[in-house]
Amino acid sequence: LVGLMGAGKSAIGHRLARRLDMNFIVADSVIESEFGKTVSDIFELHGEAEFRQQERCIIRKLLQRPPHVMASGGGAFIDPETRHLIRQNSVSIWLRAGLDVLYERVHSRDDRPLLRNGEPRSILAALISERYPIYALADLIVDSIDGPHDETVNKVVWAISKHPRLCGLAESG
C-alpha cells in the first residue's frame with residue numbers, strides 16, 4: 001500500500017491482511033526495529049536522504065518474503081529506486097485521500113517529521129501536488145474515504161479482484 005501519511009495504509013492494511021489471511025507488515029515499524037530509533041529520530045539525526053536509502057534496503061528485503069500486505073512509508077514510492085522495487089516485486093495499491101481527510105487524520109499527531117516545520121494543512125497540500133502524480137503510477141488506485149475502514153477495505157478487495165495478477169487472491173480472502 002502506498003500513499004500519503006493519513007491515507008490509511010496501516011489501518012486499511014491491517015484489516016486487508018486479515019481479510020486475505022496474510023501477514024501484515026508496516027515498513028516503518030521494521031525500520032524502527034532494525035535501527036532502534038523512531039522514523040522521526042532517524043530523520044532528525046541523519047536526514048531524509050539517509051532515511052530513504054535505509055528504507056529502500058528494508059523494503060527490498062521485505063519484498064522477498066512470502067506474499068503479504070505491506071504498508072510502505074508515505075515517501076517510499078516517491079523514491080524512483082524504491083518505486084521500481086515495489087512495482088517489479090508486488091502489486092502497488094495507492095490509497096488516495098483528499099486534503100480534508102488527510103488533515104483530519106494527522107494534524108494533531110506529533111509523529112510526522114514532515115509536518116513539524118510549518119502549517120500541516122499547507123504542507124499536506126504541497127505534498128499532494130508533488131506526490132499524487134507519482135502515486136498515480138501505482139497498479140491500482142483506491143479512494144480512502146472518511147468513513148468506516150471496512151468500506152475502504154471492500155474497495156481494495158474489489159480492485160484486487162479485477163487485477164489480472166491478483167483476481168484469485170480476493171476470492172480466497
Audit row: I93, V2, side-chain contact (heavy atoms from CB on, under 4.5 Å) steps and yes/no: CA-CA 6 Å; I93 303 168; V2 303; over 6 Å; no
Stepwise salt bridge (charged side-chain N to carboxylate O under 4.0 Å, His left out) check, K155 with E151: CA-CA 6 Å; K155 289 180 177 187; E151 288 183 35; over 6 Å; no
Steps toward salt bridge (charged side-chain N to carboxylate O under 4.0 Å, His left out) verdict (R121, D100): CA-CA 8 Å; R121 188 176 190 84; D100 291 337; 2.3 Å; yes
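We find the CG-CD1 distance between D139 and I160 to be 11.0 Å, quoted to the nearest 0.5 Å. Rounding to the nearest 0.5 Å gives a distance of 11.5 Å between CZ of R60 and CD1 of I86.
Here the side chain of R96 pairs no donor or acceptor atom with the backbone of Y135 at under 3.5 angstrom. With hydrogens and angles disregarded, no donor-acceptor distance shorter than 3.5 Å links the side chain of R52 to the backbone of D79. Between the side chain of K9 and the main chain of L95, no donor-acceptor pair closer than 3.5 Å is present.
Between M70 and S92 the shortest side-chain heavy-atom distance does not fall below 4.5 Å. In this structure, D41 and F35 have side chains that are not in contact, with every pair of non-hydrogen atoms separated by 4.5 Å or more. Counting heavy atoms from C-beta outward, Q64 and N89 have side chains that approach closer than 4.5 Å.
By the criterion of side-chain heavy atoms lying less than 4.5 angstrom apart, applied directly or through intervening Ile, Leu, Val, Met, Phe, Trp or Tyr residues, V30 is grouped together with F77 in one hydrophobic cluster.
Residue-environment remark: NE2 (H84) stays at or below the threshold of 12 foreign heavy atoms within 6.0 Å.
A donor and an acceptor atom, one from each side chain of S72 and R83, are nowhere located under 3.5 Å apart. Looking only at atom types and distance, the side chain of R19 has a donor-acceptor partner in the side chain of N154 under 3.5 Å away.
The aromatic rings of F43 and F51 are tilted relative to each other, their planes meeting at an angle between 30° and 60°.
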